[in-house]
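By convention in this document, chain letters (A, B, ...) are assigned in the order of the sequence lines, proteins followed by strands, and residues within each chain are numbered from 1.
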Protein chains: 2
Amino acid sequence: MEDIDRQIVSLLLNDGRMSYTDLGKATGLSTSAVHQRVRRLEERGVIRGYAAVVDHEALGLPLTAFISIKPIDPSQPDDSPDRLSGIAEIEACHSVAGDENYMLKVRVARPSALEDLLARIRSSANVSTRTMIVLSTPYENRPTIR
Amino acid sequence: MEDIDRQIVSLLLNDGRMSYTDLGKATGLSTSAVHQRVRRLEERGVIRGYAAVVDHEALGLPLTAFISIKPIDPSQPDDSPDRLSGIAEIEACHSVAGDENYMLKVRVARPSALEDLLARIRSSANVSTRTMIVLSTPYENRPTIR
DNA sequence: GGTGAAAGCCAAATGCT
DNA sequence: AGCATTTGGCTTTCACC
């Protein structure tokens, strides 16, 4: 991928609503050239979409936690992601190498909601859980591009 | 926060570039009413901004890992987030409860870049590290709103 | 791939309810 | 708080390079 595409992606990571006009000014291209490049980046799947960045505390979900899970019966086929995908509190599910199989990131309103969530996770995926409660978040979703 | 604000936030989580006109159609409000609400949500910090959602593989950073860290000398003041904030590979830093102090999420190009990154993290923050390498990501950044 | 112009559409501000 | 209106800017397309 070209350097100018990286620049466009970087700018859109910082401001997903930046106009093509401003992207053009920042990159030294014409509005239509930038537009075309962004469209291609979207078509190729480099840019998957755009999302608002929200304050989860303000939305009533102040409690974040990481939950790593491990099947209780490792001989069974592991379809945990499918089994857990219906649980709205789970923001992310990563398959990981190591002692545990998956790392989940969840957001809930209260400790009691976390307790309830853990019970649902354990029963629907037949897994044991290990939970790390997030106390504060110095930074998150920083644009990782170089 | 009102229900209609939640609806707006939810729509913008799924498409951060949605126009005020379309937000108005979706919520049953006029364009200007939606615009006003979005502006207030931004002012109150409920909406922190907007960002492109990118495919990190396509950007040349296919390797994701979670690194939990613990100070080697717990008697020293713990300013790990500050010390690590200059490291571009670190996408997120969460202070967590439990055996370790912080949970980092990092993205790199290659295993050797992870090795290099771990060395930099250990030396700049004087911490021990525990790394969970992400094998695949069934889902990530799902809109956590209800 | 890039440019520039033309069209329609949208954002942003204002004033009214 | 919401709506209608307006102006200026932006998006989008297209013909051309």
### Query
Would the number of heavy atoms belonging to other residues, nucleotides or ligands and lying under 6.0 Å from CZ of Arg110(A) be above 12?
no

### Task
Consider only side-chain N and O atoms of Thr64(A) and Arg107(A), and report whether a donor and an acceptor are under 3.5 Å apart.
yes

### Task
Any chance you could lay out the ring pair (Phe, Tyr, Trp, His ring centres under 6.0 Å) test for His94(A) and Phe66(B), step after step, and finish with the verdict?
CA-CA 10 Å; His94(A) 303 271; Phe66(B) 289 98; 5.1 Å; yes

### Message
Tell me whether Arg130(A) is salt-bridged to Glu100(A), with the criterion being a basic N under 4.0 Å from an acidic carboxylate O.
### Response
yes

### Lys105(A) and Glu140(A) ion-paired at < 4.0 Å
yes

### Message
Any heavy-atom pair between the side chains of Cys93(B) and Thr137(A) that's under 4.5 Å?
### Response
no

### Query
When Watson-Crick pairs (N1 to N3 and N6-O4 or O6-N4) and G-U wobble pairs (N1-O2 and O6-N3) count only below 3.5 Å on both distances, what is the dot-bracket string of DNA chain D, with | for other-strand pairs?
||||||||||.||||||

### Message
One character per nucleotide, please: for nucleotides 3-17 of chain C, 5' to 3', B when the base has a protein heavy atom closer than 4.0 Å, S when only the sugar-phosphate does, - otherwise.
### Response
BB------SBB----

### Among Leu23(B), Thr27(B), Leu29(B), Leu12(B), side chain to side chain contact (heavy atoms under 4.5 Å, CB included) partner for Gln7(B)
Thr27(B)

#### Entry: Asp5(B)/Arg44(B) ion pair, N-O < 4.0 Å
yes

Where do N or O atoms of nucleotides 15-17 of chain D meet protein N or O atoms at under 3.5 Å, pair by pair?
none

### Query
So, are Arg37(A) and Glu2(A) salt-bridged, with charged N and O less than 4.0 Å apart?
yes

### Query
Can you check whether Val34(A) reaches Thr31(A) side chain to side chain, under 4.5 Å on heavy atoms?
no

